[in-house]
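One is the number of the first residue; the rest follow in order along the sequence. One-based numbering, in listed order, for ligands and for the atoms of each.
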Amino acid sequence: MSTCLVTGGAGFLGSHLCDELLRRGHRVICVDNLETGSLANIAHIRRPEFVHLNVDIIEPYEVAEPVDVVYHLASPASPIDYLRLPLHTLKVGSYGTHHTLGLAKNHRARFLLASTSEVYGDPQVHPQPETYWGHVNPIGPRGVYDEAKRYAEALTMAYHRQQGVDTAIIRIFNTYGPRMRPHDGRAIPTFLRQALQDRPITVFGDGSQTRSFCFVSDLVRGMIALAESGYHHPVNVGNPNEFTLLELAEAVVAVTGSRSEIVFEALPTDDPQVRQPDIALAREVLGWEPEVELREGLRRTIDEAGVEALVGMPK
Ligand code: NAD
């Protein structure tokens, strides 16, 4: 049994990670100031092996008990959040990552950074392998998120090379599942909310831009496998099956049996045209690959979250 500290543990991915770590018999310290997360995501966890600390990691912080593994997920992640919180996003990626790496160093813990496919920007290479350095607009509205994550990756490698911290970097591609907020602006919760209410499904642009969607249980399995490996360089974890946004909308209509029509809206600034992970490295070093295909994942999202949660009011 290990003690795992999860920053962002009351968020969408973090709360599923806490569940799985507990299921595997570990102790979990969840550090989350509920900026974009919610107590509702962890309210079902009532056991002595779990503790939630309401701490803002932008300020220095410590925990009293020994920690073996640090999973650093705290950061606004949805465009709606980081466009609303640009300075917070930069601070959590910089100060927050410094403080969390410092904590991992003090505890001699393994440290895993939750990075993102957004470090590739609007990619000129397709699918994206870890060796591709990206094509990011630093001064566009999305730059606060993309550059914060690129900085956090550089910082993680510096703590590894200069301070000897045992670090890992996971580059997460679009992940979905229960506990996504219905109004967080990401494609799957938006389409599900609209379809379940028979309202028009709003696709940006002409819907030809592509994404690759990973179900949350696959992602969490890959994240824990990486933390438990001795690997230090970035590893892509995502589902390589690529869909256009229009195909996604059609899949959501089919799975929900909705009467919604599909309508088109203006494309947001710097919205990437394509997004598909090359997961050869994850297969090789982790023996990992996704198992849940899109329609099954959509059905599981509806079954596990429930229709009421998926059509909920804005937070
Ligand atoms: P989320 O917004 O649901 O979770 C982020 C959590 O971090 C929230 O609970 C929030 O309250 C917490 N947090 C934010 N600032 C904090 C601070 N200063 N101190 C303490 N806690 C703070 O987002 P998510 O989708 O679960 O994403 C989790 C991580 O995974 C993020 O780092 C994100 O960049 C990364 N990621 C997610 C996806 C995805 O598809 N969901 C894709 C790529 C990368």
Please tell me if the side chains of Glu59 and Lys91 come closer than 4.5 Å, counting only heavy atoms from C-beta onward. no
Counting heavy atoms not belonging to Arg84, are there more than 12 under 6.0 Å from its CZ? yes
Strictly under 4.0 Å, does any heavy atom of Val55 approach an atom of ligand 1? yes
Taking only heavy atoms of Asn174 into account, list the atoms of ligand 1 that are under 4.0 Å away from them. 40 (O)
Just wondering, do Arg193 and Leu310 contact through their side chains at under 4.5 Å, heavy atoms? no
Minimum-distance protein heavy atom relative to atom 22 (C) of ligand 1: Asn33 OD1, 3.1 Å
Does a side-chain heavy-atom distance below 4.5 Å link Pro234 with Leu281? no
Pull out every atom of ligand 1 sitting under 4.0 Å from any heavy atom of Leu34, numbered as shown with elements. 11 (O)
Can you tell me how the ring of His99 sits relative to the ring of Tyr95, calling it parallel under 30°, perpendicular over 60° and tilted otherwise? parallel
Should the ring pair Tyr176 and Phe215 be called parallel, tilted or perpendicular, given that the plane angle runs from 0 to 90° and is split at 30 and 60? perpendicular
Lys/Arg-Asp/Glu bridge criterion (N-O < 4.0 Å) met for Glu228, Arg110: no
Among non-hydrogen protein atoms, atom 29 (C) of ligand 1 lies closest to Leu73 O, 3.2 Å
Per salt bridge (charged side-chain N to carboxylate O under 4.0 Å, His left out), Asp81 is matched among Arg142, Arg186, Arg181 by Arg181
Contact between Tyr176 and ligand 1, counting heavy atoms under 4.0 Å? no
For Thr116, is at least one N or O under 3.5 Å away from an N or O on ligand 1? no
Do Leu5 and Val63 have side chains that get closer than 4.5 Å, going by heavy atoms? yes
Ser115, Gly11, Gly177, Ala114: member with heavy atom nearest to atom 44 (C) of ligand 1: Ser115
I'd like to check which ligand 1 atoms, numbered from 1 as shown, lie under 4.0 Å from a non-hydrogen atom of Gly37. 8 (C), 9 (O), 10 (C), 11 (O)
Numbering the atoms of ligand 1 from 1, which are under 4.0 Å from a heavy atom of Ala10? 9 (O)
Residue selection (non-hydrogen contact nearest atom 18 (N) of ligand 1) among Ile172, Ile80, Asp56, Thr100: Asp56
Over 60° means perpendicular and under 30° means parallel, so tell me whether His98 and Tyr159 are parallel, tilted or perpendicular. perpendicular
Identity and distance of the protein heavy atom lying nearest atom 19 (N) of ligand 1: Ile57 N, 3.1 Å
What is the closest protein heavy atom to atom 11 (O) of ligand 1, and at what distance does it sit? Asp32 OD1, 2.7 Å
Going by heavy atoms, is Lys149 under 4.0 Å from ligand 1? yes
Top protein contact for atom 3 (O) of ligand 1, by heavy-atom distance: Phe12 N, 2.9 Å
If I apply the N/O under 3.5 Å rule, does Gly14 come out as touching ligand 1? no
Measure the CD-CD distance between Glu291 and Glu296 for me, rounded to the nearest 0.5 Å. 9.5 Å
Does ligand 1 have any atom that is closer than 4.0 Å to a heavy atom of Met180? no
4.0 Å heavy-atom contact, Gly9 with ligand 1: no
Heavy atoms only: which of Asp81, Thr36, Val92 lies closest to atom 10 (C) of ligand 1? Thr36
Would a 4.5 Å heavy-atom cut-off, applied to side chains only, mark Tyr132 and Pro123 as touching? yes
Heavy-atom count around Gln162 CD within 6.0 Å, excluding the residue itself: above 12? no
Below 4.0 Å, non-hydrogen atoms only: which portion of His88 touches ligand 1? Side chain, backbone, both or neither. side chain
Per-atom contacts of ligand 1 with Ala77, taking only distances under 4.0 Å to non-hydrogen atoms: 23 (O), 24 (P), 25 (O), 27 (O), 33 (C), 34 (O)
Under 3.5 Å donor-acceptor, Glu304 side chain and Thr301 backbone: no
Got the closest protein heavy atom to atom 14 (C) of ligand 1, with its distance? Ser75 N, 3.8 Å
Looking only at protein heavy atoms, which one is nearest to atom 30 (O) of ligand 1, and how far off is it? Leu13 CD1, 3.5 Å
Give me the residue, atom name and distance of the protein heavy atom closest to atom 34 (O) of ligand 1. Tyr145 OH, 2.5 Å
What do you reckon, is CZ of Arg199 surrounded by more than 12 foreign heavy atoms closer than 6.0 Å? no
Does ligand 1 have an atom under 4.0 Å from some heavy atom of Arg186? yes
